[in-house]
2 protein chains.
Amino acid sequence: MYYESVMQREVKTMENTELREALQSLKSTKVRMTPQRHAILEFLFNCESHPTADDIYKALEDKFPNMSVATVYNNLRVFKDAGLVRELTYGDSSSRFDSNTSDHYHVICDSCGKIVDFHYPGLDEVETLAEHVAGFRVRSHRMEVYGTCPDCIKAQAH
Amino acid sequence: MYYESVMQREVKTMENTELREALQSLKSTKVRMTPQRHAILEFLFNCESHPTADDIYKALEDKFPNMSVATVYNNLRVFKDAGLVRELTYGDSSSRFDSNTSDHYHVICDSCGKIVDFHYPGLDEVETLAEHVAGFRVRSHRMEVYGTCPDCIKAQAH
DNA sequence: ATACTGATTGTAACCATTCTTATTAAGTAA
DNA sequence: TTACTTAATAAGAATGGTTACAATCAGTAT
């Protein structure tokens, strides 16, 4: 328990640092800071999961009773264009958003949709290959692993 | 020119083989073959690109003037469930479908959306890592590289 | 032939996302 | 502070891809 709370605090601190950096980097562009934007960014950076636009909307409707869904979408696009946020599109209907733009990947559960982050180095080689094979100027890549999460494995076994 | 036509014929032959195999594997399940299904499969397997459901619908409306869009979607799902076809979901609105289910990846142009296939071996290691890190039972993975295609590089340079 | 199973059609509904317009808030310079 | 300029928000309507549903149709087996 103690260990966990320490972890929590560390994570929180790290995220707040990232949030501060994000706010700073927005200031350097011509993007205005507004209460709504701050709240959306704060939620995303303190969020362990990968929320949909609607998740964010619902999470903030207490604080901003009359915020529009369009505002959430607009600002997510602003953040995405600024490189602060990544959009993840899977087969299911709605996009998910991820504040952690550092190199990491996702493992996704086929049956419950849970998303777990993991780190893996050195896929630069793939980018280089693609660059040569296709003649593209490569910018980034995306990778996901699909499978069944521990909980669902247990559930399926009864 | 001669060389190209030989290439074309080879590709065509290969694809028809794959189509035949696909038809065969459908026969082994309890999926009925219908003219619409045959046409959709044939189009997908002879198609160099990665069409949307609507692309397929439009391409076949001459042959099947009263085919429904629903039929295209229904059958794409049937083929997907049978493992003959892969669904690709990117940021843009509509899914794309890919008949080539062998291990290959895509390079996608950020500005025009062009999709180019390329092959890369040995991402099994990533699956294994994810399995250990997250405790998942891993089934598959997906990877894409994003960048600018040669045409768009040229266009941007004026 | 009859009944059964599954496929197709056409349309309506759904839902995520974007557009439009009026209004409001933020930045700026005097 | 005040007035001005510009961008952001809200609300709701519109868009567009996808799916659900009910009715009809085709193929197959008894």
Side-chain angles (χ1 to χ4, degrees), chain A residues 22-24 26-44 50-82 84-98 113, chain B residues 23 26-44 50-82 84-98 113:
Chain A
L23 292 171
Q24 195 60 35
L26 277 182
K27 210 172 259 176
S28 75
T29 67
K30 53 190 177 297
V31 176
R32 289 182 186 170
M33 189 44 52
T34 67
Q36 292 90 336
R37 285 184 176 165
H38 194 283
I40 293 170
L41 268 185
E42 188 177 28
F43 179 77
L44 258 174
H50 305 82
T52 65
D54 200 58
D55 291 337
I56 300 172
Y57 176 65
K58 283 203 173 64
L60 298 180
E61 69 181 356
D62 287 343
K63 226 186 235 172
F64 297 88
N66 50 357
M67 182 167 65
S68 172
V69 199
T71 300
V72 177
Y73 279 104
N74 286 338
N75 290 328
L76 285 173
R77 181 166 41 194
V78 169
F79 301 149
K80 209 176 63 170
D81 291 347
L84 296 176
V85 160
R86 245 195 297 181
E87 182 177 3
L88 312 169
T89 59
Y90 304 121
D92 54 347
S93 44
S94 44
S95 289
R96 298 174 165 281
F97 294 87
D98 185 353
Chain B
L23 292 171
L26 276 183
K27 211 172 260 174
S28 74
T29 66
K30 53 191 176 298
V31 177
R32 286 183 190 166
M33 191 42 53
T34 67
Q36 290 92 334
R37 285 184 176 165
H38 193 283
I40 293 171
L41 268 185
E42 188 178 29
F43 178 77
L44 258 174
H50 306 81
T52 64
D54 199 58
D55 290 337
I56 300 172
Y57 176 66
K58 284 203 173 61
L60 298 180
E61 70 181 355
D62 288 342
K63 225 186 234 171
F64 297 87
N66 51 356
M67 181 168 66
S68 172
V69 200
T71 300
V72 177
Y73 279 103
N74 286 339
N75 290 328
L76 284 173
R77 182 169 37 196
V78 169
F79 301 150
K80 210 176 60 171
D81 291 347
L84 296 175
V85 160
R86 244 195 298 180
E87 183 175 1
L88 313 170
T89 59
Y90 304 121
D92 54 346
S93 44
S94 44
S95 289
R96 297 174 165 280
F97 295 87
D98 185 352

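By convention in this document, chain letters (A, B, ...) are assigned in the order of the sequence lines, proteins followed by strands, and residues within each chain are numbered from 1.
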Peer 1: Can you tell me if Ser93(B) touches the phosphate of dA16(C), counting only side-chain N or O atoms and a distance under 4.0 Å to OP1 or OP2?
Peer 2: no
Peer 1: Rounded to whole Å, please give me the gap between CZ in Arg37(A) and C1' in dA25(C).
Peer 2: 12 Å
Peer 1: Looking at Gln36(B), Lys80(B), Arg37(B), His38(B), which hits side chain to side chain donor-acceptor pair (under 3.5 Å) with Asn75(B)?
Peer 2: Arg37(B)
Peer 1: How close or far is atom P of dT18(C) from atom CG of Asp81(A), stated in whole angstroms?
Peer 2: 11 Å
Peer 1: What nucleotide among dT8(C), dG17(D), dT17(C) has an atom nearest to a side-chain atom of Ser94(B)?
Peer 2: dG17(D)
Peer 1: How close do Phe43(A) and Pro51(A) get, heavy atom to heavy atom, and via which atoms?
Peer 2: CE2-CG, 4.0 Å
Peer 1: Do you know which two heavy atoms are closest between Lys63(A) and Glu42(A), and how far apart they sit?
Peer 2: NZ-OE1, 4.0 Å
Peer 1: Heavy-atom contacts under 4.0 Å between residues 60-72 of chain B and DNA chain C, which residues?
Peer 2: Asn66(B), Met67(B), Ser68(B), Ala70(B), Thr71(B)
Peer 1: Give the rounded distance in Å between these two atoms: CG of Asn74(A) and C1' of dA10(D).
Peer 2: 11 Å
Peer 1: Could you tell me how far apart Arg96(B) (CZ) and dT18(D) (P) are, to the nearest whole angstrom?
Peer 2: 10 Å
Peer 1: Expressed in angstrom and rounded to an integer, what is the separation of Asp54(A) atom CG from dC14(C) atom C1'?
Peer 2: 14 Å
Peer 1: Please check this pair: side chain of Thr89(B) against backbone of Tyr90(A), looking for a donor-acceptor N/O pair closer than 3.5 Å.
Peer 2: yes
Peer 1: Looking at dA25(C), I'd like to know if its phosphate oxygens (OP1 or OP2) sit under 4.0 Å from a side-chain N or O belonging to Gln36(A).
Peer 2: no
Peer 1: Report the distance from atom CZ of Arg86(B) to atom CG of Asp98(B), rounding to the nearest 0.5 Å.
Peer 2: 5.5 Å
Peer 1: How many angstroms lie between atom CD1 of Ile40(A) and atom CE of Met67(A), to the nearest 0.5 angstrom?
Peer 2: 5.0 Å
Peer 1: Once each nucleotide of nucleotides 25-30 of chain D is scored for protein heavy atoms under 4.0 Å, what B/S/- sequence comes out, 5' to 3'?
Peer 2: ------
Peer 1: Quick one: does Leu76(A)'s side chain get under 4.5 Å of Glu87(A)'s, heavy atoms only?
Peer 2: no
Peer 1: How about Phe79(B) and Leu26(B): do any of their side-chain heavy atoms sit closer than 4.5 Å?
Peer 2: yes
Peer 1: Does OP1 or OP2 of dT18(D) have a side-chain N or O of Tyr73(B) closer than 4.0 Å?
Peer 2: yes
Peer 1: Could you check how far CG of Asn75(B) sits from C1' of dG6(C), rounded to whole Å?
Peer 2: 12 Å
Peer 1: Look at all strands and tell whether Thr52(A) reaches a base, only sugar-phosphate, or nothing, counting heavy atoms closer than 4.0 Å.
Peer 2: nothing
Peer 1: Quickly work out the Lys80(B) NZ to dT19(D) P distance and round it to whole Å.
Peer 2: 8 Å
Peer 1: Specify the closest pair of heavy atoms between Ala39(A) and Phe64(A), including all atoms of both residues, with the distance to one decimal.
Peer 2: CB-CE1, 3.4 Å
Peer 1: Apply the side-chain contact (heavy atoms from CB on, under 4.5 Å) test between Lys58(A) and each candidate in Asp54(A), Asp55(A), Asp62(A), Leu60(A); give the one that qualifies.
Peer 2: Asp54(A)
Peer 1: Starting from the first five and the last five pairs of the helix from dA1(C)-dT30(D) to dA30(C)-dT1(D), work out the angle between the resulting helix axes, to 10 degrees.
Peer 2: 30°
Peer 1: Between P on dT18(D) and CZ on Arg77(B), what's the gap in Å once rounded to a whole number?
Peer 2: 12 Å
Peer 1: Below 4.0 angstrom, N of the basic side chain to O of the carboxylate: do Arg77(B) and Asp81(B) qualify?
Peer 2: no
Peer 1: Any non-hydrogen side-chain atom of Leu44(A) less than 4.5 Å from a side-chain atom of Leu84(A)?
Peer 2: no
